[in-house]
Amino acid sequence: MIDRIHDELEQIRAAGLWRSLRRIEGAVDTWVTVDGTRALLLCSNNYLGLANHPALAEAAARAAREYGVGAGASRLVSGSLPLHAELEARLAAFKGTEAALLFPTGYHANIGAITALVGRGDAIFSDALNHASIIDGCRLAGAAVHVYPHRDTVALARALASTDARRRLIVTDSIFSMDGDHAPLREICALAETHDAMVMVDEAHATGVFGATGAGLVEALGLHGRVTVQMGTLGKALGCAGAFVAARRDVVDVLVNRARSFIYTTALAPPLVAAAAALDVVAREPERRTRLLRRSADLRARLTALGLRVPSGEGPIVPVIVGDSEEAMRWSRTLLEHGVFVQAIRPPTVPRGTARLRVTVMATHDDADLAHAAKAFAALRPVADAL
Ligand SMILES: *Cc1c(COP(=O)(O)O)cnc(C)c1O
């Protein structure tokens with residue numbers, strides 16, 4: 001038995017896919033200490049730089065003193081506090097829906113929402129590059145899963161027409177987590193209306209980043225009322241942890257009654273609920289969003305100018321495609337030697353042969369930081385030219 005585990009670990013190592021944890025010291029700021037080396041952080045999802053914001057830390061500390069650190073139970077048992085309901089009302093207003101429901105993480109929110117909305121005899125239509133939590137939700141649901149090629153609405157239309165399943169759910173990331181590109185949400189909503197399907201949009205990387213008030217891509221494209229389920233997380237741009245689903249009241253009622261990852265788990269901890277005061281910062285300081293998008297465009301241009309393979313896009317996720325997994329690890333190590341921390345992303349997180357450096361920008365990076373990043377990436381050029 002143990003031998004088999006050893007064999008499996010050896011295979012992972014031999015394929016260049018070994019994963020291990022790095023030690024990051026200090027607060028999650030623009031510069032961190034990684035395994036003892038001081039480096040510019042270019043791989044967090046803390047896009048607005050809020051994870052160590054003093055006002056949020058203070059709100060969390062106050063809530064811990066007043067309500068304690070843990071909710072003590074599932075919301076349906078004894079864990080539902082006024083704080084939860086207040087934040088849900090706020091999130092519903094932010095997303096322009098009747099209601100919202102908190103989950104402990106985005107992973108819980110996705111598997112909970114998908115499995116609550118569709119089951120045996122139903123059909124799910126899922127973009128090939130959707131996040132792992134969506135893939136797992138699809139597997140758990142027991143519905144027929146139609147995976148359509150990335151952003152391919154022609155294939156999606158064909159798949160929708162091919163089924164007479166009772167309930168149909170189209171599910172997509174709005175901003176794809178490893179590529180940073182946008183889902184064709186307008187076309188998807190139109191197809192859903194033609195084929196009587198529900199639409200679920202995962203705004204993990206768009207919440208706090210896109211849209212006039214930072215509500216996400218649904219807001220940016222004016223698709224309010226046409227998306228059945230908007231999932232968002234509090235752990236990325238909002239700098240906290242936790243997630244939510246915003247939808248019509250009846251959809252939220254279905255989740256309260258059927259989403260097992262909501263029913264059978266301890267409620268989001270009071271300090272985290274209080275730290276969602278990050279929404280105040282998003283509302284009050286729109287310049288964080290504009291600065292983030294400007295800096296992202298700036299870094300994308302700098303990396304492209306170096307001759308690196310950077311797919312076109314807009315927003316803080318700037319992938320640098322390497323191809324080979326071990327090569328991607330070498331690039332990551334070279335960058336750390338030059339004071340830049342970027343993780344290599346390898347299969348199965350991304351398709352085979354597309355290992356990459358997933359570079360992410362923060363609103364709190366300044367010009368000197370981006371110049372430092374460009375200089376470090378320039379040190380990769382001899383490596384890149386040799387490919
Ligand atoms: C990070 C992420 C999730 C999961 O959110 P957590 O709150 O970190 O569990 C879901 N969907 C996408 C697209 C993500 O990038």
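Indexing begins at 1, ligand by ligand and atom by atom, following the structure's order.
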| Which of the atoms in ligand 1, numbered in the order shown and given with their element, are less than 4.0 Å from a heavy-atom of His131? | 1 (C), 2 (C), 3 (C), 4 (C), 10 (C), 11 (N), 12 (C), 13 (C), 14 (C), 15 (O)
| task | Please step through side-chain contact (heavy atoms from CB on, under 4.5 Å) for the pair Leu50 and Arg288, ending with a clear verdict. | result | CA-CA 10 Å; Leu50 296 180; Arg288 280 187 194 256; 3.7 Å; yes
| query | When you measure from atom 13 (C) of ligand 1 to each heavy atom in Asp202, Thr172, Ile317, which option holds the nearest one? | reply | Asp202
| request: Give a yes-or-no answer on whether the side chains of Lys95 and Thr207 include a donor-acceptor pair shorter than 3.5 Å. | output: yes
| request: Identify, for atom 15 (O) of ligand 1, the protein heavy atom at the shortest distance, and state residue, atom and that distance. | output: His205 NE2, 2.5 Å
| task | Report yes if the distance between the aromatic ring centroids of His365 and Trp31 is under 6.0 Å, otherwise no. | result | no
| query | Looking at Thr105, which atoms of ligand 1 are within less than 4.0 Å of one of its heavy atoms? | reply | 7 (O), 9 (O)
| Under 3.5 Å, N or O to N or O, is Thr233 touching ligand 1 that way? | no
| field | Contacting atoms of ligand 1, where contact means under 4.0 angstrom from a heavy atom of Gly106 | value | 4 (C), 5 (O), 6 (P), 7 (O), 9 (O)
| Does at least one non-hydrogen atom of Ser133 fall below 4.0 angstrom from an atom of ligand 1? | yes
| said: Taking the six-membered ring for Trp, are Phe210 and His182 closer than 6.0 Å centroid to centroid? | reply: yes
| said: Can you name the atoms of ligand 1, numbered from 1 with element, that are less than 4.0 Å from a heavy atom of Ser177? | reply: 15 (O)
| said: Quick one about His131 and Tyr107 (side-chain donor to acceptor, distance below 3.5 Å, no hydrogens or angles considered), yes or no? | reply: no
| Which residue supplies the protein heavy atom nearest to atom 4 (C) of ligand 1, what is that atom called, and how far is it? | Tyr107 N, 3.6 Å
| message | For Asn45, which part has a heavy atom under 4.0 Å from ligand 1: side chain, backbone, both, or neither? | response | neither
| Is there any N or O on Asp173 that sits under 3.5 Å from an N or O of ligand 1? | no
| query | Does a donor on one side chain sit under 3.5 Å from an acceptor on the other, for Asn130 and Asp202? | reply | no
| message | Assess whether a salt bridge exists between Arg291 and Glu285, defined as any Lys/Arg side-chain N lying under 4.0 Å from an Asp/Glu carboxylate O. | response | no
| Under 4.0 Å from any heavy atom of Asn110, which atoms of ligand 1 are there? | 10 (C), 11 (N)
| message | Is it the case that the ring center of Phe176 lies less than 6.0 angstrom away from the ring center of His150? | response | yes
| request: For the pair Ser80 and Arg75, evaluate side chain to side chain donor-acceptor pair (under 3.5 Å) and give the outcome as yes or no after the intermediate values. | output: CA-CA 4 Å; Ser80 195; Arg75 294 280 295 288; 2.9 Å; yes
| query | Should Lys236 be counted as touching ligand 1, given the test is an N or O pair under 3.5 Å? | reply | yes
| task | Flag Ile175 as yes when one of its N or O atoms lies below 3.5 Å from any N or O atom of ligand 1, and as no otherwise. | result | no
